[in-house]
Number of protein chains: 2
Amino acid sequence: MLGDRWSLLIIRDMMLRGARTYKEFLQCYEGIATNILADRLRKLIAYRIITTEPDPSDGRKLTYRLTAKGIDLAPVLTEMVLWAAAHEDTGNQALVEQMREDKEKFMAGVRQRWVSSPSLGRSPRSVAIPTPSF
Amino acid sequence: MLGDRWSLLIIRDMMLRGARTYKEFLQCYEGIATNILADRLRKLIAYRIITTEPDPSDGRKLTYRLTAKGIDLAPVLTEMVLWAAAHEDTGNQALVEQMREDKEKFMAGVRQRWVSSPSLGRSPRSVAIPTPSF
DNA sequence: ATATATCACTTGCGAAATGCAAGTAAAATG
DNA sequence: CATTTTACTTGCATTTCGCAAGTGATATAT
């Protein structure tokens with residue numbers, strides 16, 4: 001279900017980078033192939049981890065959004081990022097520190113940014129952009 | 001690095017089922033192919049997540065063991081199991097309850113069971129066997 | 001109004017990863 | 001000394017992946 005190379009990275013990019021459109025996912029630097037991205041988004045929708053809806057301000061765009069089930073993956077992603085930071089690469093050190101110091105606060109931020117998704121402005125303060133490669 | 005279908009399942013089987021030998025991994029019911037298992041164990045060793053050493057009591061057997069880096073994946077696995085339990089399947093309900101009620105205690109148990117690995121007896125009390133399919 | 005650009009994909013195809021069954025070598029057991 | 005057990009390897013068919021080049025609908029520029 002999440003046992004492939006890309007699904008969790010897509011969710012991570014949503015949680016940590018605030019990616020919401022197809023194009024943004026493609027640009028998130030790891031370089032997922034466009035056909036694979038379309039396939040994974042379809043499957044994540046089927047699993048009810050994300051949803052999609054048209055952007056009212058631009059008929060071409062679709063906005064992808066985490067469901068409650070998807071938001072519940074925040075603790076998993078948090079632990080993965082912390083593990084990767086401790087043992088592998090050095091992503092965004094500031095965010096990693098914030099996550100380590102107060103996991104709950106970080107996850108609350110993720111939830112707040114995604115439930116009843118407030119238009120597009122990243123509500124409280126946008127979270128910075130680390131890119132650990134777990 | 002852990003972005004394939006099997007690596008995390010192997011680690012889960014080590015943490016939750018106490019699997020330590022090639023044969024035990026093969027039997028852990030998901031049905032990994034033998035060549036893939038050999039490949040994944042090799043890679044996990046290369047990544048220093050597990051180690052292997054000969055079993056002194058039986059020259060045919062090898063014992064696989066989590067390194068400190070591998071043990072540090074306990075929080076990730078814990079959150080994954082809890083997520084899967086909440087949203088997908090019903091594995092071992094008792095263990096899931098234990099994990100939810102006291103994550104720290106559960107993870108301490110994992111660490112205790114794997115550091116300086118006490119021969120073979122699962123030290124304190126062996127943890128039961130859930131099999132969530134995240 | 002028409003041409004161009006953007007967006008979210010799809011299609012085709014070669015390459016790589018996976019799954020399955022059968023085989024092998026070394027050590028243990030009967 | 002023959003058979004089992006253990007930890008693999010090998011060969012091959014099938015599936016998945018990655019890349020490049022479309023496609024169709026909508027938006028923007030001239």
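Nothing here was measured: the structure is a model prediction, and the numbers come from that model. Sequence lines set the chain letters: A, B, ... in the order given, protein chains first and strands last, and positions in each chain run from 1.
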How does protein contact run along nucleotides 18-25 of chain C, one letter per nucleotide 5' to 3', with B for base contact, S for sugar-phosphate only, - for none, heavy atoms under 4.0 Å? SBB-B---
Among all residues two or more places apart in sequence or in another chain, which pass the salt bridge (Lys or Arg N to Asp or Glu O under 4.0 Å) test with [X]?
X: Arg48(A); result: none
X: Glu101(B); result: none
X: Glu53(A); result: Arg65(A)
X: Arg100(A); result: Glu97(A)

For residues 31-40 of chain B, run the donor-acceptor check on the side chains, cut-off 3.5 Å, and write out each pair with its distance to 0.1 Å, sequence neighbours left out.
from     : atom 1 : to       : atom 2 : distance (Å)
Thr34(B) : OG1    : Tyr22(B) : OH     : 2.7
Asp39(B) : OD2    : Lys43(B) : NZ     : 3.1
Arg40(B) : NH1    : Asp4(B)  : OD2    : 3.0

Name the atoms and distances for all side-chain donor-acceptor pairs under 3.5 Å in residues 70-82 of chain B, with sequence neighbours left out.
from     : atom 1 : to        : atom 2 : distance (Å)
Asp72(B) : OD2    : His87(A)  : NE2    : 2.6
Thr78(B) : OG1    : Ala74(B)  : O      : 2.7
Glu79(B) : OE2    : Lys103(B) : NZ     : 2.8

Reading DNA chain D in the 5' to 3' direction, which nucleotide is the first one with an atom under 4.0 Å from a heavy atom of chain B, and which is the last? dT5(D) to dG11(D)
Rounded distance [0.5 Å steps], OH in Tyr64(A) versus CD1 in Ile45(A): 5.5 Å
Whole angstrom value for the distance that separates P of dC9(C) from CD of Gln27(A): 15 Å
By side-chain hydrogen bond (donor to acceptor under 3.5 Å, both in side chains), which residues pair with [X], not counting sequence neighbours?
X: Arg60(A); result: Asp58(A)
X: Arg42(B); result: none
X: Lys69(B); result: Glu88(A)

Grab the N/O contacts between the protein and nucleotides 5-8 of chain C below 3.5 Å, and write none if there aren't any.
from   : atom 1 : to       : atom 2 : distance (Å)
dT6(C) : O4'    : Arg60(A) : NH1    : 3.4
dT6(C) : O2     : Arg60(A) : NH1    : 3.0
dC7(C) : OP1    : Lys23(A) : NZ     : 3.4
dC7(C) : OP2    : Lys23(A) : NZ     : 2.5
dA8(C) : OP1    : Leu62(A) : N      : 3.4
dA8(C) : OP2    : Lys23(A) : N      : 3.0

